[in-house]
Structure formats: C-alpha cells, structure tokens
Amino acid sequence: RRRSVKLKDNLGKFFATNRDGLVQVVGITANKNVTVRFIDTGTERDVNIDNLRKGKCADPSITDRTHPTTYPNIEMQSNNSGVFTILEKTGNRCKIVFKETGYTTTAYLENLKVGKVHDPYSKNCYSVGYHGEPAETPYKDFAYTLWRNMLKRCYSQNDPRGYYGKGNDVSVDASWLSFANFVDDLPHLNNFQQWLNGQMDKTSVQFTLDKDFAYLGCNVYSRDNCQFLEEGLNKRVTSKNRLSKSLIENYNKRKESCGK
C-alpha cells in the first residue's frame with residue numbers, strides 16, 4: 001500500500017531521459033511501473049520508476065539514432081545564469097542556448113538536470129559585470145581581483161568605501177563591464193608592469209588603479225582614463241589637489257631621501 005502511494009505521487013510529473021527528451025507520467029501500473037508519454041513524439045510506454053529516475057527510458061518510436069535528437073524548445077533553469085533551452089542532443093551531450101544572452105554551448109545532460117552550466121555573458125558580477133571569454137594570460141587571476149574590486153566600489157550597496165549611493169555618479173565604461181576586455185586593455189595602461197611586479201612580489205612597491213589623476217574630476221573607469229599609480233602617491237594626492245605639482249615633487253623628494 002505504501003509503495004502504491006509513492007507511485008501515485010509521480011502522476012503528472014516530468015522526468016528527463018538520457019537520450020529522448022522529457023516524459024510525463026500519465027498512468028500507474030503494477031510492480032513499480034508507470035506509464036509515460038514522450039513530449040517530443042507523444043509515444044507512450046511503461047517503465048520501471050527506478051529506471052525512470054535515472055533517465056533510463058528510451059522512446060521506442062525512434063529507430064534512427066545516427067543523427068542528433070532535436071528538442072522543441074525545452075527550457076531548463078541553470079544555477080546562476082538564468083534560463084536555457086536544449087536545442088539538440090547527441091548521446092548524452094546537449095547543445096543549449098541561453099535565453100537572456102543568446103550564448104550557445106554544449107554540456108552533459110546530467111549536469112543540465114542539476115543546473116550545472118554557465119553563461120560567460122550573464123551579468124552576475126554586481127548585476128552589471130560579466131566574464132566573457134578572456135584570453136589566458138599570466139596575470140589573469142590578479143586582473144580578476146582588480147576587476148571585481150572596481151565593480152564592487154562602483155555598484156555594490158554593501159561597500160562602505162564605495163561610491164554607490166553617495167552622489168558621486170562614478171561608473172565603469174561599458175567595455176570594461178566585460179572581464180575579457182579588461183584583461184586585454186590592462187597592458188596598455190601606464191605603469192602596468194610595475195603593478196604586475198607588485199602583485200607577484202608583495203614586498204615590492206605596490207601600485208593601484210587610478211581613474212582621475214590625469215583628468216581632474218573624471219568619474220569613469222576606462223582604458224582612456226585609467227593608469228596605475230604608486231600606492232603611497234595615490235593615497236596622498238586627493239581629488240582636490242591632484243594637479244598640485246609641488247605636492248608630487250615633495251612626495252618624490254621624501255621617497256628619494258628615504259631610499260638613501
């Protein structure tokens with residue numbers, strides 16, 4: 001009796017099969033078997049409920065398996081990149097497209113069932129930034145930390161040191177909302193190599209990303225506006241006196257005297 005109740009609980013539910021798309025339980029039979037209907041073809045068959053839960057249920061109407069099985073817009077939910085649609089499946093591998101961005105990729109069906117698939121163009125970094133498809137570089141990990149901190153400062157409501165909600169209207173250029181673009185542009189900024197040296201050796205002089213040393217009052221992080229400044233100089237030169245040559249000269253003199 002208890003087994004019968006469990007089977008009835010599956011009535012009307014949908015299950016993903018390993019090869020032939022979704023099925024819906026439309027009937028209950030004896031000995032842990034249920035009747036399912038394939039969404040793609042309308043074919044019905046009986047299957048053991050345990051096998052069904054493992055995806056082991058083939059559509060008997062499909063006789064030619066040498067070509068991909070086409071899926072008619074079956075939508076599923078990923079864990080962090082929104083809704084995607086299964087376009088076709090060959091064996092256990094599926095081609096999908098993400099609804100929000102149109103990005104297409106392939107993934108194993110068992111991963112899709114639990115939402116384990118990622119859209120690199122989904123804006124999941126403070127709701128504005130996206131990873132893209134960055135080139136492999138020796139400095140990519142350092143750049144990613146720098147990029148996230150830049151976005152955090154501009155768009156996070158929980159950063160007490162940030163600009164968000166303080167009337168400063170500081171933003172990141174649209175191109176740099178893509179981490180891939182950010183990585184490509186970094187080597188073109190002034191003092192990039194000094195910044196990289198500091199990242200690789202924390203005992204050396206540290207450099208930070210600055211947006212308004214060269215352009216007083218600049219409120220946009222971009223390739224054209226930004227450069228790397230020595231951390232000590234960046235902290236001492238405030239927004240009100242960035243054009244004060246005497247302050248910069250005095251700072252350099254003190255640094256030289258300390259180094260003697």
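Counting only N and O atoms by type, the side chains of N225 and S222 include a donor and acceptor under 3.5 Å apart. Checking N92 against E110 by side-chain atom types alone, a donor-acceptor pair falls below 3.5 Å. S61 and D59 are linked by a side-chain donor-acceptor pair at a separation below 3.5 angstrom, with hydrogens and angles left out of the test. Checked by atom type, the side-chain pair T35/D46 shows a donor-acceptor distance below 3.5 Å. Side chains of S156 and N158: a donor-acceptor N/O pair is absent below 3.5 angstrom, by distance only.
In summary, D50 and K32 engage in a salt bridge, as defined by a charged side-chain N under 4.0 Å from a carboxylate O. A salt bridge links E44 to R37: at least one charged side-chain nitrogen sits closer than 4.0 Å to a carboxylate oxygen.
Heavy-atom contacts from other residues, nucleotides or ligands closer than 6.0 Å to NZ of K123 number 12 or fewer. K54 NZ: 12 or fewer foreign heavy atoms inside a 6.0 Å radius. Summarising the local packing, NZ of K211 is surrounded by more than 12 heavy atoms from other residues, nucleotides or ligands at distances under 6.0 Å.
The two atoms that bring K89 and L109 nearest to each other are CD-CD2, 4.2 Å, heavy atoms only. Residues A143 and V183 come closest through the heavy atom pair CB-CG2, 4.2 Å. Looking at every heavy atom in both residues, Q227 comes nearest to F213 through NE2-CD2, 3.7 Å. The shortest heavy-atom contact between L196 and Y139 is CD1-CB, 3.5 Å. The two atoms that bring H131 and W147 nearest to each other are N-CH2, 4.5 Å, heavy atoms only. Summarising the geometry of A135 relative to D184, their closest heavy-atom pair is CB-OD1, 4.5 Å, with the distance given to 0.1 Å.
Distance check, rounded to the nearest 0.5 Å: OG1 of T208 to CG of L229 gives 6.0 Å.
Checked against a 6.0 Å centroid threshold, the rings of F207 and W195 do not count as neighbours.
Transitive grouping of hydrophobic side chains (ILVMFWY, heavy atoms separated by less than 4.5 Å) keeps L151 and V220 in distinct clusters.
Put simply, the residue from E100, E75, M76 that forms a side-chain contact (heavy atoms from CB on, under 4.5 Å) with V83 is E75.
Taking the six-membered ring for Trp and thresholds of 30 and 60 degrees, F182 and W176 have ring planes more than 60 degrees apart, a perpendicular arrangement. Classified by interplanar angle (parallel below 30°, tilted 30° to 60°, perpendicular above 60°), the ring pair Y121/Y130 is tilted.
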Item to check | Check against side-chain contact (heavy atoms from CB on, under 4.5 Å), T17 and F15 | outcome: CA-CA 6 Å; T17 67; F15 292 84; 5.9 Å; no

Checklist entry - Can you check side-chain contact (heavy atoms from CB on, under 4.5 Å) on D40 and D20, steps first, answer last? => result CA-CA 8 Å; D40 292 357; D20 299 330; over 6 Å; no

Item to check | Candidate pair Y144 and F179, rule ring pair (Phe, Tyr, Trp, His ring centres under 6.0 Å), full reasoning | outcome: CA-CA 7 Å; Y144 187 71; F179 174 61; 5.1 Å; yes

Checklist entry - What do the steps show when you test Q206 against E230 for side-chain contact (heavy atoms from CB on, under 4.5 Å), and what is the final call? => result CA-CA 6 Å; Q206 298 296 299; E230 187 176 333; over 6 Å; no

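Residues T85 and I96 form no side-chain contact, since every pair of their non-hydrogen atoms from C-beta on lies 4.5 Å or further apart. When side chains are defined from C-beta on, I49 does not count as touching N33, because their heavy atoms never get closer than 4.5 Å.
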